[in-house]
Number of protein chains: 2
Amino acid sequence: MQPLSKSEIKRKALIKATVCLVINNGFHAAPMSKIAKMANVSPGTIYLYFENKQDLINKVYLEIKASFAAHAFKDFNEQMTVEEGFKNIWKQIADFKLMQVDEALFLSQCDNTPMIDEESKKEGIKHLQPLLDLWKRGQEQGVIKNCCHYMLYAYTVYPLAFLMNAKQKKDITINEQYIQDAYLMAWDSIKQSK
Amino acid sequence: MQPLSKSEIKRKALIKATVCLVINNGFHAAPMSKIAKMANVSPGTIYLYFENKQDLINKVYLEIKASFAAHAFKDFNEQMTVEEGFKNIWKQIADFKLMQVDEALFLSQCDNTPMIDEESKKEGIKHLQPLLDLWKRGQEQGVIKNCCHYMLYAYTVYPLAFLMNAKQKKDITINEQYIQDAYLMAWDSIKQSK
DNA sequence: GAAAAATGAATGAACGTTCATTTTTTATAC
DNA sequence: GTATAAAAAATGAACGTTCATTCATTTTTC
């Protein structure tokens, strides 16, 4: 892997600091001065990398969304059966949310608030296209219920946000078995019953 | 119904204004001055009803959560079978989210951000106890999957937030049939398969 | 030593909150 | 009813703070 350039390191540090402050304190309590301090950078420097605070938040969102999607689809290929493919993607998504806790919390916060420009949100959704295509194939083959992809997403991927939130607050502990159970519920909800 | 006192009218107006501004602009762009203006009240008046901004937000959250719960359980009684009872509660929740759109969006924003005190969140959750009891009964009878209630919630009630968000952005339109389909997916995910 | 990157004090706008003043309501008397 | 006075509610200008953003200056890189 190519070593990151110095400015790339700073950019990453700013993104990490933004994520950290936003998920812990909320957008309204994540001032530029604190973001700068946490990233070991002067406030003015942020403006060399981002236009303003809104641009910073939008870019952080898009960057994380892209890395989320990359993770989700990294082992997937279109030769897989629908069920195989779905299981594969779903488990990678769960894995991302378990490993990249802060980033996942950030995304779910963005997706449920007007924090992010509507335009950036639209942009972020595009990354999920392979999953939508897979679902379409599943519906054509009659193995997945015939409903819009919003519904499929709501009952398979979206619930993970709730579970990860609960895990974060230590209301539940998540292990291999828990993930498997959650997967089965996701599949049960969208599979076409014979 | 007893007519609301004048101060109760003002309180309600403040709550409505807070909800409206927060769901449209986010907490960080819902200043007290705007809330006051929208409620036709002077900024200082807010402090006669609430201690400060944080207290305002917490109280709005708790009040709406209570009205949400009241709606959810209004037709439910413990003589119902588990399946009947669940269907009843679930549909009332869907109804609340369809009719009280702003309030529902506010709740989902609160539940996914650090906007609300952790204490108030804990307080808000208590309202759902009858649903948790029902699930417990269902598990004892072997009609509902044996998993923690966080998981049951994540796959039945939580998905509605996603769907309502999509509806709000006019990505989908929701009718009677759509709700019925969503209900069946919720039930499919948590029912114990023979 | 020129160019690029980074700094951080300074700026002005916007915010949450206060409180001296005004308005409205209530209680009491005629 | 009306007048009056005390109490309660509401006001909004003012205050101190914090914030996002800028830019003259300094530091680093090549």
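In what follows, chains carry the letters A, B, and so on, assigned in the order in which the sequence lines appear, proteins first and then strands, with residues in each chain numbered from 1. The shown structure was predicted, so the numbers you read here are calculated from the model rather than taken from an experiment. Quick note: numbers below take in every heavy atom, side chains included, and nothing from hydrogens, waters or symmetry partners.
In this structure A:E123 satisfies the salt bridge (charged side-chain N to carboxylate O under 4.0 Å, His left out) test together with A:K126, sequence neighbours excluded. Residues forming a side-chain contact (heavy atoms from CB on, under 4.5 Å) with A:V157 (at least two apart in sequence, or on another chain): A:I93, A:L131, A:Y153. Evaluation of the side-chain hydrogen bond (donor to acceptor under 3.5 Å, both in side chains) rule for A:D181 yields A:Q177 as partners, not counting sequence neighbours. Among residues two or more places apart in sequence or in another chain, the side-chain hydrogen bond (donor to acceptor under 3.5 Å, both in side chains) test is passed with B:K59 by B:D55. Listed by chain and residue number, A:W90, A:L160, A:I179 satisfy the side-chain contact (heavy atoms from CB on, under 4.5 Å) test with A:A94 (two or more places apart in sequence, or in another chain). Remark: B:H71 engages B:F96 in a ring-ring contact (aromatic ring centres under 6.0 Å, His included) (not counting sequence neighbours). Residues meeting the side-chain hydrogen bond (donor to acceptor under 3.5 Å, both in side chains) test with B:D117, sequence neighbours left out: B:N58. In terms of the side-chain hydrogen bond (donor to acceptor under 3.5 Å, both in side chains) criterion, A:N88 has no residue partners (sequence neighbours excluded).
DNA chain C lies under 4.0 Å from no heavy atom of any residue of residues 55-62 of chain B.
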Report all interatomic pairs (protein N or O, nucleotide N or O of nucleotides 2-5 of chain C) with separations under 3.5 Å.
none

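Between the C1' atom of C:dC15 and the CG atom of B:L21 lies a distance of 14 Å, rounded to the nearest Å. A:R11 places its CZ atom 13 Å from the P atom of C:dA6, with the value rounded to the nearest Å. Between B:I46 atom CD1 and C:dG16 atom P there is a gap of 9 Å when expressed in whole angstrom units. We find that CZ of B:F50 is positioned 16 Å from C1' of C:dG16, with the value rounded to whole Å. The separation between B:K37 atom NZ and D:dA13 atom P is 11 Å, rounded to whole Å.
In this structure a side-chain-to-backbone donor-acceptor pair under 3.5 Å is missing from A:K65 to A:I125.
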(message) Across nucleotides 19-30 of chain D, 5' to 3', mark each nucleotide with B, S or - according to how protein heavy atoms within less than 4.0 Å reach it.
(response) SSBB------S-

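Looking at heavy atoms from C-beta onward, B:T81 lies out of side-chain contact with B:Q141 at the 4.5 angstrom threshold.
Applying the ring-ring contact (aromatic ring centres under 6.0 Å, His included) definition to pairs two or more places apart or across chains, those involving residues 8-44 of chain A are A:F27-B:H28, A:H28-B:F27.
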